[in-house]
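Below: one structure, written as structure tokens.
Start at 1 and go down the list; that is how both ligands and their atoms are numbered. What you are looking at is a predicted structure, and each value in this text was computed from that prediction instead of being measured.
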Amino acid sequence: MQVLAVASEAYPLIKTGGLADVVGALPPALARQGVNVRTLIPGYSQVRQHVTGSPLHRFQNLLGATADLYAARVGEVDFLVLDAPALYDRAGGPYGDAAGRDFEDNWLRFAILSRAGAEIARGALPNWQPELVHAHDWQAALTPSYMRYGAISQPSIVTIHNIAFQGHFPADVFGALGFPAEAFSLDGVEYFGGVGFLKAGLRHAHAITTVSPTYAREICTPAFGMGLEGLISARIKVLSGIVNGIDTDTWDPAGDPHLSAGFSQRRLKGRRVNREAVEERYGLDADERPIFCVISRLTWQKGMDVLAAAADALVAAGGKLAVLGTGEPQLERTFMSLSARYRGRVGVVVGYDEALAHLLQGGADAIIIPSRFEPCGLTQLYGLRYGCVPIVSRTGGLADTVIDANLAALGAGVATGLQFSPVDAQALTYALQRAIALFHDRDVWATMQRQGMKADVSWDSSALRYAALYASLADGATA
Ligand code: ADP
């Protein structure tokens with residue numbers, strides 16, 4: 001099967017979040033299922049450098065702009081690079097300048113991307129035409145709308161990676177988007193008096209997915225849907241959740257170059273060496289108290305204020321805390337003052353440090369993830385793979401990937417972590433106390449670690465689900 005993916009970022013070319021990981025990792029996993037994906041991406045400067053050869057196609061008029069389309073193979077992914085330097089080849093990131101301000105013409109930059117996607121679906125390329133189009137997040141979400149109004153009939157999917165970002169623009173951009181006048185309506189691209197890119201895609205795609213089954217349910221509610229819950233609920237029949245995988249080569253405890261010692265499910269011993277390295281790096285007392293780690297943006301979404309509020313209780317209950325993160329300055333200060341107050345028990349590194357993230361997963365006993373919402377989440381998956389027991393709030397992908405150590409699960413030996421709810425200091429404290437009690441029962445804890453390490457967190461099982469969805473849409477079963 002031939003699929004066109006449309007996205008605004010893809011690892012390893014350009015990444016600001018989990019979206020890029022999915023877009024970069026899914027095509028090779030889908031290839032193993034017999035699905036051939038080509039991924040359309042804007043020609044940012046970081047992307048252009050991979051382009052060689054002559055263009056496959058020249059778009060003479062994409063909403064008034066000309067753009068060349070190049071092929072680029074990077075790793076195992078086939079990219080189609082939309083080269084329009086005036087729009088994409090800029091200093092800064094994919095969405096804004098170096099100071100973090102969004103580009104003012106983002107509506108045009110990503111409408112053109114989507115328009116190009118629709119034209120490729122129509123048959124712009126001489127030798128290749130997709131049987132299905134998969135658009136990721138708001139930046140690509142007009143693709144199904146252009147297909148719909150352009151009478152381009154292949155099935156389309158929109159995947160929501162984080163519904164907080166919707167691409168909502170004032171009504172006066174509508175005229176430049178190239179839609180017929182009737183598209184400015186409830187059934188079209190209109191959204192709260194303006195133009196909603198994600199809204200439009202959710203309205204017109206044949207199927208909607210998001211990155212976990214629980215998040216799929218949550219975004220049908222006002223608490224999580226951020227205004228789109230009504231539309232999504234109305235389309236619940238075509239909505240599904242497919243959990244992300246992780247890169248099991250980069251995250252492999254047996255061969256991870258960032259660890260002091262490798263280890264595996266059968267031989268957990270190496271963890272001790274890593275544990276000592278964590279204690280040393282964080283200035284924590286070298287003792288048998290459990291080390292809880294955090295690897296996170298320090299933000300409200302991630303529940304970091306809740307963790308800070310539970311820190312006294314964590315220390316009182318006999319735990320140690322190692323924090324790695326950057327984010328809101330107030331939270332950074334709070335954690336720094338906790339480390340000053342509890343020398344030897346709380347250590348904090350403010351910064352982004354990939355190597356240290358690996359060491360923490362390989363040496364800490366547990367990882368705390370108290371997110372208020374979490375579409376999928378990656379750090380709990382790394383934790384499972386590294387025997388770093390995840391302690392998570394019961395939301396989104398966290399709820400779907402961690403099996404809580406309740407009595408039944410412990411009895412059956414299937415628990416992989418702890419869940420708590422609601423997201424407040426009291427519930428988190430209780431979960432931490434439970435974890436500390438379990439930690440001191442060595443066999444129980446080791447069983448939990450091994451169960452987690454056995455969990456399938458690879459892209460292969462996710463790719464199977466996407467491939468099944470593609471096949472059902474191509475058969476017309478879901479449309
Ligand atoms: P989100 O994308 O919402 O931040 P995820 O859990 O999906 O949350 O992904 C976060 C990714 O960023 C993980 O790979 C995690 O290891 C990494 N990460 C977050 N903070 C840091 C940090 N301070 N240092 C190193 N890696 C970090």
Side-chain angles (χ1 to χ4, degrees), residues 7-12 14-26 93-95 136-137 159-165 210-212 214-215 218 224 226 241-253 256 258-259 278 281-282 293-304 307 321-329 331-332 335-336 347-364 367-386 388 390-393 395-402 417 423 457 459 462:
S8 57
E9 48 184 279
Y11 183 83
I14 182 147
K15 169 172 167 169
T16 69
L19 162 67
D21 290 321
V22 177
V23 174
L26 200 47
Y95 314 122
H136 293 272
D137 269 353
T159 293
I160 303 166
H161 296 268
N162 187 342
I163 204 162
F165 304 104
T210 186
V211 288
S212 67
T214 296
Y215 194 60
E218 288 172 341
F224 293 89
M226 304 209 171
I242 301 175
V243 172
N244 293 336
I246 62 171
D247 180 339
T248 47
D249 295 329
T250 308
W251 292 90
D252 174 11
D256 187 332
H258 302 302
L259 297 183
V278 169
R281 177 74 190 263
Y282 275 89
C293 76
V294 169
I295 305 162
S296 182
R297 294 186 281 121
L298 301 180
T299 64
W300 183 87
Q301 181 208 326
K302 297 290 180 183
M304 287 296 122
L307 175 65
L321 180 64
V323 176
L324 170 61
T326 54
E328 292 163 16
L331 281 167
E332 291 181 357
F335 281 106
M336 292 307 288
V348 175
V349 172
V350 170
Y352 192 96
D353 186 334
E354 192 77 30
L356 185 54
H358 284 246
L359 180 65
L360 284 167
Q361 296 279 14
I367 179 164
I368 308 174
I369 311 165
S371 304
R372 287 192 166 84
F373 65 94
E374 194 64 79
C376 180
L378 286 173
T379 52
Q380 85 280 15
L381 302 178
Y382 302 145
L384 290 173
R385 184 146 166 86
Y386 277 58
C388 185
I391 299 169
V392 303
S393 53
T395 189
L398 300 173
D400 292 326
T401 53
V402 174
V423 180
V457 291
W459 271 106
S462 313

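- By the definition of a contact as any protein heavy atom under 4.0 Å away, atom 10 (C) of ligand 1 is not in contact.
- In the candidate list Asn244, Thr379, Ile367, Thr379 is nearest to atom 13 (C) of ligand 1, counting heavy atoms.
- On a distance-only criterion, Gly351 and ligand 1 share at least one N/O pair closer than 3.5 Å.
- Within ligand 1, counting atoms from 1 as listed, the ones closer than 4.0 Å to a heavy atom of Gly377 are 6 (O), 7 (O).
- Of all heavy-atom pairs spanning Asn244 and Ser462, the tightest one is C-OG, 3.8 Å.
- Counting heavy atoms under 4.0 Å from ligand 1, residue Asp353 touches it through the backbone alone.
- Residues Tyr215 and Thr395 have side chains that never bring a donor and an acceptor to within less than 3.5 angstrom of each other.
- Separation of atoms CD1 (Ile295) and CG (Leu324) is listed at 6.0 Å; rounding is to 0.5 Å.
- Considering backbone and side-chain N/O of Arg297, one or more are found under 3.5 Å from N/O of ligand 1.
- Taking 4.0 Å as the cut-off between side-chain N and carboxylate O, Asp247 and Arg385 do not count as a salt-bridged pair.
- Here atom 20 (N) of ligand 1 lies nearest to Ser296 when heavy atoms of Ser296, Ala164, Ala355 are compared.
- Using bins of under 30°, 30° to 60° and over 60° for the plane-to-plane angle, the ring pair His358/Tyr386 lands in the perpendicular bin.
- Residue Lys302 has at least one nitrogen or oxygen atom sitting less than 3.5 Å from a nitrogen or oxygen atom of ligand 1, judged on distance alone.
- Counting only heavy atoms of the protein, atom 14 (O) of ligand 1 lies nearest to Tyr382 CE1, 3.3 Å.
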Using side-chain hydrogen bond (donor to acceptor under 3.5 Å, both in side chains), reason through Thr401 and Gln380 one step at a time and then give a plain yes or no. CA-CA 8 Å; Thr401 53; Gln380 85 280 15; 3.1 Å; yes

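- Taking a 4.0 Å cut-off on heavy atoms, Gly17 fails to register as neighbouring ligand 1.
- Near Gly325, meaning under 4.0 Å from any of its heavy atoms, are these atoms of ligand 1: 23 (N).
- Listed by number with element, the atoms of ligand 1 under 4.0 Å from a non-hydrogen atom of Ile295 are 16 (O), 18 (N), 21 (C), 26 (N), 27 (C).
- For atom 2 (O) of ligand 1, the nearest protein heavy atom (residue, atom name, distance) is Gly18 N, 4.1 Å.
- Ile369 CD1 to Ser296 OG: the interatomic distance, rounded to the nearest 0.5 Å, is 8.0 Å.
- Residues Glu9 and Ile14 share a closest heavy-atom pair of CB-O, 3.3 Å.
- Judged by distance alone, the side chains of Glu332 and Thr326 never bring a donor and an acceptor atom under 3.5 Å apart.
- Within the 4.0 Å heavy-atom criterion, neither part of Cys376 lies near ligand 1.
- In summary, Glu374 and Lys302 engage in a salt bridge, as defined by a charged side-chain N under 4.0 Å from a carboxylate O.
- The single protein non-hydrogen atom nearest to atom 22 (C) of ligand 1 is Tyr352 CD1, 3.5 Å, given as residue, atom name and distance.
- Geometrically, ligand 1 and Leu378 share a nitrogen or oxygen pair separated by less than 3.5 Å.
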